[in-house]
Amino acid sequence: MSSGALNERLVGHLKTLHLPAIRETFEEEAMRATQEALSYEQYLFELTDQEVEMRRTNRIARFLRESRLPLEKGLDTFDLKRLPRKLSAQVRVLLEGSFLDRKENVLAFGNPGSGKTHLLCAIARELVENGRRVLFTPCALLVQELLIAKRDLKLARALKKLGRYDALLIDDIGYVQQSREEMEVLFSLLADRYERTSVMLTSNLPFSKWETIFKDPMTTAAAIDRLVHHSVILELNLPSYRLEQSEKQRTAEVKDEAAEEAGEPNPPSTTERSEKRGPQRRQVQRAKAPEGQGPTPSKG
Ligand code: ADP
Ligand code: MG
């Protein structure tokens with residue numbers, strides 16, 4: 001067979017076998033192999049290595065799309081220095097992802113604006129980039145989807161589908177008052193995931209107020225019990241990030257005005273200066289969060 005005909009047939013086989021990366025690079029790699037006197041095995045390894053790497057990249061891109069994670073809420077835009085030391089230590093461990101292997105849950109509590117959603121999304125994003133599958137969903141939307149599935153007698157199938165993910169990130173549980181029917185599907189989901197796959201959730205409500213979600217004390221206790229059994233609890237007893245930012249902004253503006261009145265020759269605006277310093281440095285460095293502030297989740 002001439003080398004042209006051989007190449008043509010080879011490309012055909014690589015198409016049939018769905019090996020696009022190898023198809024793309026085999027000629028170039030063959031030249032390199034000749035120049036560097038690589039063994040057959042080394043050449044084959046180089047080719048398959050590229051195919052494996054391409055598949056990994058594509059898989060992660062697919063997982064990221066299907067995760068429905070808000071992509072602007074990543075670790076790159078999250079100021080970890082704002083967290084008390086214990087909390088950032090917990091976050092570092094969670095980023096390793098081994099809690100998923102142990103089917104542990106991650107429960108983030110704290111007042112509105114303290115950064116629960118952003119923090120869990122940022123962790124989830126890192127996990128996805130390490131090859132894990134996560135699905136982000138606002139609790140209200142999840143409940144609606146489960147109700148539709150139940151109405152169509154497809155609840156079991158819907159739960160099974162959710163079971164494909166290493167973790168389900170349920171945002172804002174208890175934020176919207178739920179009817180009994182809504183509570184029931186949510187409970188079914190939590191019971192279904194118990195000890196099988198991880199749940200990550202955020203809530204403004206401490207456990208002591210969860211009866212407003214699950215309606216009766218028995219169901220509430222059962223739900224909490226399942227969630228807490230193997231879990232990491234993150235307490236974000238921090239002031240609202242947004243409030244803190246707008247207060248900082250206001251203070252900067254007042255300073256600017258005062259400087260102007262004092263007749264400083266065209267001082268560079270404080271706000272401009274802080275803008276230049278970038279988001280990382282603009283945040284207030286907080287000391288340890290005061291104990292006992294904000295909702296402290298307690299069992300029962
Ligand atoms: P929560 O879910 O607790 O109500 P969010 O995570 O929605 O709070 O945070 C509120 C806003 O503040 C979001 O825009 C978020 O990106 C921002 N934010 C909160 N904490 C931080 C932080 N530590 N670093 C950067 N941005 C933050
Ligand atoms: Mg939130």
Side-chain angles (χ1 to χ4, degrees), residues 64 67-95 105-128 134-144 167-178 186 198-210 212-213 227 231-252 271 274-290 292-297:
L64 214 49
S67 73
R68 301 195 209 157
L69 279 167
L71 295 184
E72 72 284 0
K73 290 190 203 292
L75 264 193
D76 50 339
T77 52
F78 191 84
D79 181 13
L80 279 169
K81 288 200 289 295
R82 198 167 180 269
L83 304 182
R85 201 174 316 153
K86 181 186 165 206
L87 198 54
S88 36
Q90 284 178 301
V91 171
R92 270 198 302 279
V93 175
L94 292 174
L95 286 170
N105 301 324
V106 179
L107 318 174
F109 293 93
N111 45 301
S114 56
K116 301 179 294 295
T117 301
H118 192 148
L119 179 60
L120 288 205
C121 286
I123 295 172
R125 164 81 174 276
E126 293 298 307
L127 298 174
V128 172
V134 179
L135 181 70
F136 168 87
T137 167
C139 186
L141 184 67
L142 173 69
V143 163
Q144 288 318 307
L168 188 58
L169 202 177
I170 307 175
D171 193 34
D172 257 336
I173 190 171
Y175 184 64
V176 191
Q177 269 284 343
Q178 275 154 358
L186 186 59
S198 298
V199 169
M200 300 170 79
L201 67 79
T202 75
S203 184
N204 299 333
L205 290 182
F207 284 142
S208 56
K209 300 210 175 106
W210 274 32
T212 57
I213 310 173
L227 278 173
S231 71
V232 178
I233 292 180
L234 304 178
E235 290 189 53
L236 280 87
N237 294 322
L238 305 169
S240 160
Y241 179 84
R242 279 184 287 247
L243 216 62
E244 208 172 76
Q245 289 301 301
S246 57
E247 270 163 19
K248 279 221 80 178
Q249 179 77 21
R250 243 193 334 270
T251 315
T271 29
S274 60
E275 286 298 330
K276 280 189 197 122
R277 263 186 262 136
Q280 290 298 324
R281 307 257 314 260
R282 250 185 288 149
Q283 277 109 37
V284 174
Q285 297 293 315
R286 278 195 81 256
K288 194 175 178 296
Q293 258 199 11
T296 305

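When a ligand or atom number is given, it counts from 1 through the structure's own listing order. Since we're looking at a predicted model, the values are computed, not measured. We number each residue from 1, following the sequence as shown.
Residue His118 has at least one nitrogen or oxygen atom sitting less than 3.5 Å from a nitrogen or oxygen atom of ligand 1, judged on distance alone. At a 3.5 angstrom cut-off on N or O pairs, Phe78 does not count as close to ligand 1.
Taking the side chain as every heavy atom from C-beta outward, Leu135 and Leu169 never approach each other to under 4.5 Å. Looking at Ile170 and Val199, their side chains come closer than 4.5 Å, going by heavy atoms from C-beta outward.
Evaluated by nearest non-hydrogen atom to atom 7 (O) of ligand 1, the leading choice among Leu83, Asp79, Leu238, Thr117 is Thr117. Nearest to atom 11 (C) of ligand 1 by heavy-atom distance, out of Arg242, Lys73, Glu244, is Arg242. Considering Gln245, Lys116, Arg82, Glu72 only, the shortest heavy-atom separation from atom 3 (O) of ligand 1 involves Lys116.
Side-chain polar atoms of Asp171 and Thr202 form a donor-acceptor pair below 3.5 angstrom.
Using a 4.0 Å cut-off between heavy atoms, Thr77 contacts ligand 1 through its backbone alone, with no side-chain atom that close.
Without hydrogens or angle criteria, Lys116 side chain to Leu236 main chain gives no donor-acceptor distance under 3.5 Å. Formation of a donor-acceptor pair under 3.5 Å by the Thr251 side chain with backbone atoms of Glu247 is found in this model.
Using 4.0 Å as the threshold, Gly110 has no heavy atom nearer than that to any atom of ligand 1.
Close contacts between ligand 1 and Asn111 involve ligand atoms 3 (O) [criterion: under 4.0 Å to a heavy atom]. The Pro112 neighbourhood of ligand 1 comprises atoms 4 (O), with distances under 4.0 Å to a heavy atom of that residue.
Among the backbone and side-chain atoms of Thr202, no N/O/S atom is found under 2.8 Å from the Mg ion (ligand 2).
Between Phe109 and Trp210, the ring planes lie tilted relative to each other; the angle falls in the 30° to 60° range.
Using a cutoff of 4.0 Å between basic side-chain nitrogens and carboxylate oxygens, Glu235 and Lys86 are not scored as salt-bridged.
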